[in-house]
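Okay, so here's the structure we're looking at.
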Amino acid sequence: MKGWNGKILRVNLSNKTHLVETFNENFAKKWLGGRGFALKILWDELKPGIDPLGPENKLIIALGPISGISAPNTGKVVVAAKSPLTGGYGDGNIGSHIAIQLRKAGYDALVVEGISNEPVCLSIEDDKVDFLSVKEWWGNGTYETIELIEEKFGKHAAHLVIGQAGENLVRYAVIRSMEGRAGGRPGIGAVMGSKKLKAIVVKGTKNLYDIVADQEKMKQLGSQGMKKVRELDDQTNWTKQSTNAILSWCNDFDALPVRNFRKTSHPLSHKIDGEALQKARIATYGCPHCVMRCGIAINDDEGHISELDYENIGMLGANLEIFDLPAVGTLNYLCDDYGLDTISTGSVLGFYADAIEQGLYNGNFKFGDAEAAKELIKMIAYRKDVGDFLAEGTKRMSEEIGNNSHEFAMQVKGLEVSAYNCKFCPGMALAFGTSGIGAHHKEAWVIMFELTEMKRESYDAKKAEKVIELQRIRGGLFEGLISCRFPWIEEGFELENYLNYFEATTGISFSFDDFWEIADRYYALMRAFLVREFAEEWNRRMDHPPAMWFKDPIPNGELAGKILDLQKYDELLSAYYELRGWDERGIPKKTTFEKLKIIDVSKELSNFINLSS
Ligand code: PTT
Ligand code: SF4
């Protein structure tokens with residue numbers, strides 16, 4: 001077999017043992033890598049109902065067949081586990097040198113099991129696995145931890161770390177890596193913390209290309225691709241503002257989250273938009289092998305260097321009505337240092353301010369108060385006082401507050417909505433509603449098409465089709481092969497390139513249809529995972545976006561009064577289910593499982609719920 005090492009390293013932190021398992025080409029072709037490997041392992045090995053923060057959960061770090069090879073933006077890995085936020089399968093895609101080093105160490109995935117009796121750093125160097133006691137590192141932020149790793153293992157040691165938020169089991173803690181990268185929004189950092197695993201460091205000495213089927217071709221394709229993406233970027237200038245170019249666009253289209261999503265635009269948004277970020281920029285950061293370097297760093301208002309993307313600014317700035325870029329930079333820096341997801345943090349603070357304003361909760365926090373937000377972020381990371389409540393995420397907070405506060409808790413299945421306000425974007429609302437991991441834009445960024453090429457007000461089934469098309473590309477192809485999707489989205493680097501990379505690396509010729517079948521398998525299995533966990537309460541309302549979007553219209557501007565229509569949304573959802581071969585409850589039919597060659601999944605699932613034929 002070429003393209004994969006064919007090896008999974010399994011480590012047990014409870015008894016400090018490890019073993020290496022092998023897999024064959026059939027497994028690799030069926031699951032591809034990354035999200036596919038993680039999903040399959042977690043589905044097969046986790047008993048339903050286990051505590052995501054207990055010893056039975058498993059943390060997976062998984063590569064795909066092209067992650068780490070020298071081609072545009074391939075320095076990415078999937079981090080996954082059962083999510084403490086949603087209770088379903090959760091993952092994130094993070095830029096890290098581990099994409100290269102784990103492959104060079106001879107593995108395609110790392111499975112971490114059990115719980116250590118003391119804080120540890122897992123060190124992997126080819127077949128050598130060490131569990132280093134790092135009691136003295138526990139309590140450190142991610143920046144300091146990364147410095148300690150560099151001191152101990154060298155400047156370029158590939159790593160993944162957690163901060164205090166992960167240690168203290170904040171349900172939306174993320175994992176961090178070099179230069180500002182963060183991933184695992186559904187609380188994968190908390191799973192790492194629950195295992196007392198402060199850091200993972202990997203070094204490999206094998207030749208990266210030993211497992212590549214056609215080495216010369218791949219090297220040639222890779223360098224041509226890098227050159228091409230650079231040229232495309234010279235034409236688009238995208239990296240000058242990177243993802244934050246989207247902020248003014250969202251503002252103009254009434255799709256910006258402002259004041260806990262109550263409003264959709266703001267006259268001060270220019271203070272934190274792409275141009276403002278470009279002016280403040282002091283450096284750009286990027287993942288390994290990246291030729292686009294999208295992380296724009298600025299000096300924050302406390303003297304740190306903070307790396308910002310649109311989601312961070314949208315949720316910690318506009319959503320909290322903080323239109324001061326250096327102050328937003330500090331909120332972002334704190335989230336990075338403590339290891340908190342910026343999207344959920346911005347949403348939690350917005351929900352908190354909203355609940356206080358409505359007299360549903362006692363507190364002093366108000367929209368626009370950057371200093372109080374800084375304090376609260378610290379309290380969340382340490383679960384101190386009200387921070388303990390905020391650390392639970394908006395779904396659980398609203399359950400505690402009651403009084404219909406769930407209507408303005410901006411989450412789906414427990415994961416907070418990313419920075420797109422969908423009061424008048426039915427297609428994007430559907431993308432949030434049906435994402436397999438909760439409300440993450442990573443699965444289908446259909447809003448781009450909805451606001452430019454499609455009729456915005458339409459609930460036509462074409463929108464459901466487009467959501468599925470994007471879920472297949474973004475949530476399937478890019479999460480299985482593992483490469484950053486920005487060259488394709490932002491620079492128009494053709495998808496065919498990835499088919500060519502796959503073929504040169506593995507020697508296997510796959511058509512797009514082969515990849516779409518794999519993607520559909522991921523979506524069926526993510527759905528099966530959720531349904532197995534929530535069989536008794538499962539219903540299609542779990543695929544609805546937050547109730548606010550059906551009840552609280554756009555308040556001002558040209559689109560004032562526009563709002564999502566519940567009945568039409570439900571019809572769009574039915575169209576989505578039909579296209580996916582899922583029944584009216586949103587559960588894949590037996591025939592769909594069969595078509596996707598996962599009959600074993602349907603057999604297991606039918607122990608929990610009746611399946612339609
Ligand atoms: C991603 C989510 C995003 S998506 C952003 S900004 W974005 C936020 N970034 C955070 C951050 O930073 N610090 C922090 N403490 N929390 C943060 N939470 C938010 O996390 C990310 C980039 C981005 S930047 C995006 S869209 C693309 N996402 C990709 C993806 O999902 N898959 C893929 N194959 N390629 C992608 N390319 C782009 O990668 P999560 P990263 Mg991320 C500081 O992980 O869990 O999916 O959350 O990992 O390496 O930082 O890259 O406008
Ligand atoms: Fe990483 Fe951004 Fe480059 Fe993608 S474009 S590889 S997220 S730095």
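One-based numbering, in listed order, for ligands and for the atoms of each.
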Within the protein, residues bringing a heavy atom under 4.0 Å of ligand 1, chain by chain: K76, G92, N93, I94, G95, G180, R181, A182, G183, G184, R185, T243, E307, D309, E311, N312, C335, D336, L340, D341, T342, I343, H440, H441, K442, F478, E479, S483, C484, R485, F486
Closest protein heavy atom (residue, atom, distance) for atom 7 (S) of ligand 2: R181 NH1, 3.3 Å
K29/D514 salt bridge by N-O under 4.0 Å criterion: no
Side-chain donor/acceptor of R171 to backbone N/O of A391, under 3.5 Å: no
Side-chain donor-acceptor contact under 3.5 Å, Y498 with W488: no
Backbone N/O of K442 and side chain of R474: donor-acceptor pair under 3.5 Å: yes
Salt bridge present between R35 and E443 (N-O < 4.0 angstrom): yes
Inter-residue atom distance F529.CZ - T86.OG1, 0.5 Å rounding: 8.5 Å
Aromatic ring pairing Y352/F365, orientation class (parallel under 30°, perpendicular over 60°, tilted between): parallel
Sidechain N-carboxylate O distance under 4.0 Å for K198, E167: yes
Flag, side chain of E416 to backbone of Q411, donor-acceptor distance under 3.5 Å: no
Heavy-atom pair with the smallest gap, counting every atom of M178 and P288: CE-CD, 4.0 Å
Contacts of atom 4 (Fe) of ligand 2 with protein N/O/S atoms, counting only those under 2.8 Å: C484 SG
